[in-house]
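A short worksheet on the structure shown next.
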Amino acid sequence: MPQLKEAIAELQAHGCKVPDYPETPKTEAEKDAKARYDKVKGSAVNPVLREGNSDRRAPKAVKDYARKHPHSMGAWSPASKTRVATMGQDDFFSNEKSVTVAAATNVRIEFVAADGAVKVLKDKTALKAGEILDATRMSRRALVAFYEQQIARAKADGVLFSLHLKATMMKVSDPILFGHAVTVFFEPVFTRHAETFARLGVNPNNGLGDVLAKIKALPPAERAAIEQDIQAVYATRPALAMVDSDKGITNLHVPNDVIVDASMPVVVRDSGKMWGPDGKLHDTKAMIPDRCYAGIYQAIIEDCREHGALNPATMGSVPNVGLMAQKAEEYGSHDKTFVAPAVGTIRIIDAGTGRTLLSQEVAKGDIFRACQTRDVAVRDWVKLAVRRARASGAPAVFWLDENRAHDAQLIAKVQTYLAEHDTQGLDIRILAPVEAMRLSLQRIREGLDTISVTGNVLRDYLTDLFPILEIGTSAKMLSVVPLLAGGGLFETGAGGSAPKHVQQFQQEGYLRWDSLGEFSALAASLDHLGASFGNARATVLAQALDQAIGLFLDNNRSPARKVGQIDNRGSHFYLALYWAQALAAQDQDAELKERFATLAKALAENETTINEELLGAQGSPVDLGGYYRPDPVKASRAMRPSATLNAIIDGQP
């Protein structure tokens, strides 16, 4: 939400006639504006990617480099107090109900109050034949009690208190879970200043940062009193995990500053620790309220506590085949997630028959969520898993728990669709997520690969977790999305760190973003083009780019960390140099060989000058003309500061 408001303000400053974001819309125009803005929350690219399932793995060159040049991993102590805390009851896992619909139909979601009054929450949702439909709820009362209990335990254990959610993707439910953590942790502040906060429009779902921003409008004495009460809470509660200890930004400041799929791998990498207010690493109580996936993180913590840190020089890989096509599972639940207005029932009604398909008894404040998973997506997912198992020779493990309602429906489909394929000689298993994690860790320590075949959320979690441990980052992963309708999408591994890199670029003229994932995706797309359409030239370009990526890694041309070292612009120069040299050296396409020989020679001869010009552009603030909507001319000038390199590139035919 803070980012959305900042983006709106920037667009307005540029002269764009866009309305403010109305948190509490009153008019029809404000309701329309809010609905339209809400559609862009989360990742804007995901609706495109969601038209296919995911095949994600580390390119061979990247994995080989990580083994030759292993990144550092923190040493684990058997005495580590770090634990994952999760709800034992009344969470989404325990309350989930699931059904597979036999025929296509439309459904509506209704709230039925205790007095029988009916309110339609969502008028129409289309279901296709064979589709899995889920409905679940999380109890507000149980969630609040859980937070209260874990705050006390973190204080007693002398560990940090940290919360790990996915407010970017679970953009309706997780901000609410985050908001409850904020109000429970800072309960004395919210109770004492309830009237003031209501007048200011403070929304705890936006974090403590929303409080601090809005109290700036108060008279100095009143603002100081609230700030003093906040400091008093810090003195009595467990220390909070920090996003930026130097600036006093805590885990509870902004809902999407700590994102579970990125934050928990770093906890594992850093000896089970997070940064505290004192700027040092400490053990933590890692809060992941819902049980659906929390157990996998506790399993890896237990493994590291017993066996020590994983070794990137010897460890195997856990590539992933992910079910994500057509908004599969929780990530497609945004328009079917509601907060119960009172005691009653939220039910899903088959519009054709009037029959109740699923229902949940709710209390005021409970979070109701319904999810869909289409049969065509599951069928394609199983096919992709078999294909990867056959191509790699590694075991393929479906991470599914028969004790979870949704997974039980999926298991039935997986068993049916596996029978459509030749699986002779393949090792294909179905294991509950915790057991699948333990097996994968056992094998990875032996240097063996294990394909994880998972649903949408676990796909997201694991394709950050294992790459960060294996190769140091998920940005270097190859991510292929074979589309259901044909063709494919090829994407970079991760963009979660991009905002901080852009901020650093604006402040210091240094861009740390590593484009290796994009280079790998480009190579894979060219290879796909060559194989699918008989385009020999595309195949030559792909092979040369693969060679260039290998040289890029061997010569350590990835962006470093600080001003005065190679950054993203230098990385792109070296990738271009190595790619041009590889094309000039090949003999499969004479025209490409001749065309790129001149470019390769020019780039090599001017390497020193180009590097001096690129490094010389660092160290000063950069005006991009905007953060959310940069000015194209200013951005181009900032990204192309080498006159020598520009002349060579622009002079090519």
Answer yes or no: is there a side-chain heavy-atom contact under 4.5 Å between [X] and [Y]?
{"X": "V107", "Y": "L127", "value": "yes"}
{"X": "V414", "Y": "I430", "value": "yes"}
{"X": "T24", "Y": "E30", "value": "no"}
{"X": "D375", "Y": "E131", "value": "no"}
{"X": "V202", "Y": "H193", "value": "no"}
{"X": "L489", "Y": "L483", "value": "yes"}
{"X": "L458", "Y": "P433", "value": "yes"}
{"X": "L163", "Y": "L177", "value": "no"}

Between Y293 and Y461, how do the two ring planes meet: parallel, tilted or perpendicular, split at 30° and 60°?
perpendicular
Mind telling me whether F190 and F197 have parallel, tilted or perpendicular rings, with 30° and 60° as the class edges?
perpendicular
Between [X] and [Y] (side chain of the first, backbone of the second, donor and acceptor by atom type, cut-off under 3.5 Å), is there such a pair?
{"X": "T183", "Y": "G179", "result": "yes"}
{"X": "Y234", "Y": "L240", "result": "no"}
{"X": "W399", "Y": "L431", "result": "no"}
{"X": "H334", "Y": "M169", "result": "yes"}
{"X": "E10", "Y": "Y627", "result": "yes"}
{"X": "D91", "Y": "M138", "result": "no"}
{"X": "T136", "Y": "E96", "result": "yes"}
{"X": "S245", "Y": "M242", "result": "no"}
{"X": "D407", "Y": "L400", "result": "no"}
{"X": "Y37", "Y": "D20", "result": "no"}

Which residues pass the salt bridge (Lys or Arg N to Asp or Glu O under 4.0 Å) test with K128, sequence neighbours left out?
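Once residues adjacent in sequence are excluded, K128 has no partner under the salt bridge (Lys or Arg N to Asp or Glu O under 4.0 Å) criterion.
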Apply side chain to side chain contact (heavy atoms under 4.5 Å, CB included) to residues L465 and D261 and explain how you reach the verdict.
CA-CA 7 Å; L465 175 64; D261 52 333; over 6 Å; no
Rounded to the nearest 0.5 Å, what separates atom [atom1] in [X] from atom [atom2] in [Y]?
{"X": "T463", "Y": "R459", "atom1": "OG1", "atom2": "CZ", "value": "5.5 Å"}
{"X": "Q409", "Y": "S98", "atom1": "CD", "atom2": "OG", "value": "4.5 Å"}
{"X": "L252", "Y": "L208", "atom1": "CG", "atom2": "CG", "value": "7.5 Å"}
{"X": "S452", "Y": "L462", "atom1": "OG", "atom2": "CG", "value": "5.0 Å"}
{"X": "T82", "Y": "K273", "atom1": "OG1", "atom2": "NZ", "value": "6.5 Å"}
{"X": "Q231", "Y": "I226", "atom1": "CD", "atom2": "CD1", "value": "13.0 Å"}

State whether a side-chain donor-acceptor pair under 3.5 Å links [X] with [Y].
{"X": "K122", "Y": "T125", "value": "yes"}
{"X": "T105", "Y": "D350", "value": "yes"}
{"X": "S94", "Y": "Q89", "value": "no"}
{"X": "D210", "Y": "N203", "value": "no"}
{"X": "H164", "Y": "S162", "value": "yes"}
{"X": "T345", "Y": "S359", "value": "no"}
{"X": "Y628", "Y": "E6", "value": "yes"}
{"X": "D366", "Y": "Q360", "value": "no"}
{"X": "E302", "Y": "Q298", "value": "yes"}
{"X": "D464", "Y": "S474", "value": "yes"}
{"X": "N320", "Y": "T454", "value": "yes"}

For [X] and [Y], which heavy atoms make the closest approach, and how far apart are they?
{"X": "V339", "Y": "G365", "answer": "CG1-CA, 3.7 Å"}
{"X": "F178", "Y": "N205", "answer": "CD2-O, 3.9 Å"}
{"X": "V159", "Y": "P238", "answer": "O-CB, 3.9 Å"}
{"X": "A328", "Y": "T373", "answer": "CB-CG2, 4.2 Å"}
{"X": "G52", "Y": "M324", "answer": "O-CG, 3.3 Å"}
{"X": "P19", "Y": "Q12", "answer": "C-NE2, 3.7 Å"}

Check against side chain to side chain contact (heavy atoms under 4.5 Å, CB included), I348 and K97
CA-CA 11 Å; I348 303 179; K97 299 176 183 178; over 6 Å; no
Can you check side chain to side chain contact (heavy atoms under 4.5 Å, CB included) on I132 and E329, steps first, answer last?
CA-CA 9 Å; I132 298 172; E329 306 184 299; over 6 Å; no
Count the heavy atoms belonging to other residues, nucleotides or ligands that lie under 6.0 Å from CD of E227, then report whether that count exceeds 12.
yes
Residue pair R199, E222: steps toward the salt bridge (Lys or Arg N to Asp or Glu O under 4.0 Å) verdict:
CA-CA 13 Å; R199 186 175 76 251; E222 191 175 357; 3.6 Å; yes
Any salt bridge linking [X] with [Y]? Criterion: basic side-chain nitrogen under 4.0 Å from a carboxylate oxygen.
{"X": "K81", "Y": "D157", "value": "no"}
{"X": "K155", "Y": "E148", "value": "no"}
{"X": "E110", "Y": "R108", "value": "yes"}

K166 and D460: CA distance, side-chain angles, deciding distance, salt bridge (Lys or Arg N to Asp or Glu O under 4.0 Å) verdict:
CA-CA 10 Å; K166 184 79 172 182; D460 212 2; 3.1 Å; yes
Take M170 and L165 through the test side chain to side chain contact (heavy atoms under 4.5 Å, CB included) and record every step on the way to the result.
CA-CA 8 Å; M170 300 306 300; L165 297 168; over 6 Å; no
Between Y297 and the options V260, V268, V267, the side chain to side chain contact (heavy atoms under 4.5 Å, CB included) test singles out V260
Would you please indicate yes or no on a ring centroid separation below 6.0 angstrom for F185 and Y147?
no
State yes or no: are the ring centers of F338 and F111 separated by less than 6.0 Å?
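No; F111 has its ring centre 6.0 Å or more from that of F338.
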Tell me which one of R291, R137, R140 satisfies salt bridge (Lys or Arg N to Asp or Glu O under 4.0 Å) with D90.
R137
